[in-house]
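Okay, so here's the structure we're looking at.
No hydrogens, no waters, no symmetry mates; every other heavy atom, side chains included, goes into these values.
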Protein chains: 2
Amino acid sequence: MSRAKSPLADNTQAILRHWREAVPNDRLAHLVKDATRALLRALQMRLSAHSVSLGHWTFLRVLWEKDGLTQKELSERAGVMEPTTFSALKAMERFGAVTRSRMPGNRKKIFIYLTPKGRLLKAKLVPLAEEVNEIAIRSVKAADIAITRQTLLSIIENLARDEIETTVKEHRIPSTREWAERGVAIAKGKRGRAKKRA
Amino acid sequence: MSRAKSPLADNTQAILRHWREAVPNDRLAHLVKDATRALLRALQMRLSAHSVSLGHWTFLRVLWEKDGLTQKELSERAGVMEPTTFSALKAMERFGAVTRSRMPGNRKKIFIYLTPKGRLLKAKLVPLAEEVNEIAIRSVKAADIAITRQTLLSIIENLARDEIETTVKEHRIPSTREWAERGVAIAKGKRGRAKKRA
DNA sequence: ACTAAATTCTTAGAGAGCTAAGATGTTTGC
DNA sequence: GCAAACATCTTAGCTCTCTAAGAATTTAGT
């Protein structure tokens, strides 16, 4: 829909110049952020031709793998907070890609199912994402991609660990149970179930 | 101010689990996005103790290097669009970190200067960013960081090039001048000046 | 010199994300 | 068996970012 024109391209040019000129030491965050923007932008441009937004894509991708999940589960798998999930799914329901329904036996949980329309989008949309990926890593050695992947993973992990430690320190012992959950979660990669019983 | 507590940490755990479990092929974008979130979140948590938001940080960093720039220039250096710059600077002016003023000779351009308050923040804030960076890349080999940096740069570059080519194709020859600018810009990394004269 | 084009700032409105807190249900512990 | 604790969905409201379009001012072409 709103395909980018010159101002955007110019802006991207500015970013590129910027990075080619000076890449000092603390700027990793900035660089990662710009890469994210470039990737999301490329994807968004392609998705918009099918009236799908980035927010929808995030959940569609999860749902194509497995639907019939609750909003909570979807939030976890998509890696976003629940209110984000809530409004995205409301919009997707309006759009006709999913249904939200309660099941007999539990009137609180809401299960999300793809509609035929939502399911059909997969064949159209996945190739677009693959195209973006192909373009993005064109000319980059597979080994370098692997290293990048691992580095990013380490960054996420390091920061997550630090956040937990910092939070614990600030809380001054935030209940043994809470601490245990966290320790377990990071040490063994246990499922969220740890949360519900300790 | 709003220091993260358990829900957040849990969420980060979910993300980590997610990445440890399955890292298929197309998910680079997703991984980069999550790394961005982790980095920005860590920075934001620290900045908020000084009542500085991420949006302000973005511009402060540019201004500490050189102030007296126009909003347009600031947008380019910060890598965001002008309306974003506009509202961030308005807020920063209200906060007392910068002044926005016209100069005799040109009543259109607005020049941004740091106030003493804005200047003083540097000594407090820069160490926080360095701390985040140190934590993030802790345990990652310097060589791997270098490769990651280069890979991300290539990704940005590849996508920018593609966006330009795609846009050109769609426009069906979008005026020779425009095309030239873009070609030149990407080929030689020329300054934005190309824009104003071709 | 004066209109037309280009720049720059501004306004308006939307998307995607977050936190905090409210509502509504379900479980658990006495 | 019921009150308290917990879980899940929802609402409200904020941030950062973008695009599109309007307003003001400067530059350029004839």
Side-chain angles (χ1 to χ4, degrees), chain A residues 1-8 10-11 33-34 36-37 40-41 44-45 47-48 52-59 69-76 78-92 100-102 105-112 177 192-193 195-198, chain B residues 1-8 10-12 33-34 36-37 40-41 44-45 47-48 52-59 69-76 78-91 100-103 105-112 177-178 192-193 195-198:
Chain A
M1 221 159 247
S2 58
R3 194 67 163 223
K5 292 187 302 301
S6 49
L8 285 164
D10 287 344
N11 196 273
K33 182 177 161 192
D34 281 351
T36 298
R37 275 221 287 256
L40 294 185
R41 168 181 206 77
Q44 186 172 35
M45 280 173 16
L47 291 178
S48 69
V52 173
S53 70
L54 275 177
H56 295 188
W57 165 261
T58 303
F59 294 99
L69 300 168
T70 65
Q71 292 189 176
K72 183 84 193 300
E73 291 167 327
L74 237 17
S75 300
E76 283 201 7
V80 298
M81 295 289 109
E82 277 143 70
T84 304
T85 304
F86 174 73
S87 52
L89 289 173
K90 274 290 209 182
M92 290 167 76
R100 304 169 64 249
S101 50
R102 276 172 234 270
N106 191 320
R107 272 182 301 166
K108 185 165 54 168
K109 295 186 178 178
I110 292 198
F111 294 85
I112 311 296
R177 197 177 80 262
R193 331 244 33 274
K195 189 112 149 275
K196 319 180 171 164
R197 293 282 49 235
Chain B
M1 219 159 247
S2 61
R3 194 67 162 225
K5 292 186 302 302
S6 50
L8 285 162
D10 286 344
N11 196 271
T12 312
K33 182 176 163 194
D34 282 351
T36 298
R37 275 223 286 256
L40 294 185
R41 167 179 206 80
Q44 185 172 35
M45 280 173 16
L47 292 177
S48 70
V52 173
S53 71
L54 274 178
H56 295 188
W57 165 262
T58 304
F59 295 99
L69 299 168
T70 65
Q71 293 189 175
K72 182 83 193 301
E73 292 168 324
L74 237 17
S75 299
E76 283 201 4
V80 297
M81 297 287 110
E82 277 141 71
T84 304
T85 305
F86 174 73
S87 51
L89 289 173
K90 275 289 209 182
R100 305 169 63 250
S101 49
R102 275 171 235 269
M103 291 305 188
N106 192 321
R107 270 183 304 166
K108 187 167 50 168
K109 296 185 177 179
I110 292 200
F111 294 85
I112 311 297
R177 196 173 84 265
E178 204 178 343
R193 331 242 32 276
K195 189 111 150 276
K196 317 177 173 164
R197 289 282 52 236

Anything under 3.5 Å between a protein N or O and an N or O of nucleotides 1-4 of chain C, put it in a table, one pair a line.
none

Tabulate protein N/O versus nucleotide N/O from nucleotides 22-25 of chain D, keeping only pairs under 3.5 Å, one per line.
| residue | atom | partner | partner atom | Å |
| --- | --- | --- | --- | --- |
| D:dT25 | O2 | B:Lys108 | NZ | 3.2 |

Report all interatomic pairs (protein N or O, nucleotide N or O of nucleotides 12-16 of chain D) with separations under 3.5 Å.
| residue | atom | partner | partner atom | Å |
| --- | --- | --- | --- | --- |
| D:dC16 | OP1 | B:Ser53 | OG | 2.9 |
| D:dC16 | OP1 | B:Leu54 | N | 3.3 |
| D:dC16 | OP1 | B:Gly55 | N | 3.0 |

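The side chain of A:Gln71 places no N or O atom within less than 4.0 Å of a non-bridging phosphate oxygen (OP1 or OP2) of D:dA7. The side chain of A:Arg41 places no N or O atom within less than 4.0 Å of a non-bridging phosphate oxygen (OP1 or OP2) of C:dA16.
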Can you check side chain to side chain contact (heavy atoms under 4.5 Å, CB included) on B:Phe59 and B:Val80, steps first, answer last?
-> CA-CA 10 Å; B:Phe59 295 99; B:Val80 297; 3.7 Å; yes
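C:dA20 atom P lies 11 Å from atom CE of A:Met81, rounded to whole Å. One atom, CD of A:Glu76, and another, C1' of D:dA7, lie 12 Å apart when rounded to the nearest Å. Across the protein-nucleic acid pair, A:Lys109 atom NZ and D:dT10 atom C1' stand 17 Å apart, rounded to whole Å. Atom-to-atom, CD of B:Glu82 to P of C:dT8 comes out at 8 Å; the value is rounded to the nearest Å. As a whole-Å value, the separation of A:Ile110 CD1 from C:dG25 P is 11 Å. One can place CD1 of A:Ile112 at 10 Å from C1' of D:dC9, the figure rounded to the nearest angstrom. As rounded to whole Å, 8 Å separates atom C1' of C:dC9 from atom CZ of B:Arg100. Across the protein-nucleic acid pair, B:Arg37 atom CZ and C:dG17 atom P stand 6 Å apart, rounded to whole Å.
Looking at residues two or more places apart in sequence or on another chain, you find a side chain to side chain contact (heavy atoms under 4.5 Å, CB included) between B:Leu40 and A:Lys33, B:Thr36, B:Leu54. Under the rule for a side chain to side chain contact (heavy atoms under 4.5 Å, CB included), the partners of B:Thr70 that lie at least two apart in sequence or sit in another chain are B:Lys72, B:Glu73, B:Lys109, B:Phe111. Residues satisfying the side chain to side chain contact (heavy atoms under 4.5 Å, CB included) criterion with B:Phe86, sequence neighbours excluded, are B:Gln71, B:Lys90, B:Arg100.
Looking at heavy-atom distances under 4.0 Å, A:Ser87 makes no contact with the nucleic acid at all. Among the atoms of the strands shown, only primed sugar atoms or phosphate atoms (P, OP1, OP2) are found under 4.0 Å from some heavy atom of B:Thr70.
In plain terms, the two heavy atoms of B:Arg37 and A:Gly79 that are nearest each other are NH2-O, 2.5 Å. The two atoms that bring B:Ser53 and B:Leu47 nearest to each other are O-CD1, 4.1 Å, heavy atoms only. Residues B:Ala91 and B:His56 approach most closely at CB-NE2, 3.7 Å, considering heavy atoms.
A donor-acceptor pair under 3.5 Å is absent between the side-chain atoms of A:Arg102 and the main chain of A:Ile110, judged by distance alone.
Mapping B:Phe111 and A:Thr58 onto DNA chain C via the closest heavy atom, the residue that lands nearer the 5' end is B:Phe111.
Residues B:Ile112 and B:Leu69 have side chains not in contact (no heavy-atom distance under 4.5 Å, counting atoms from C-beta outward).
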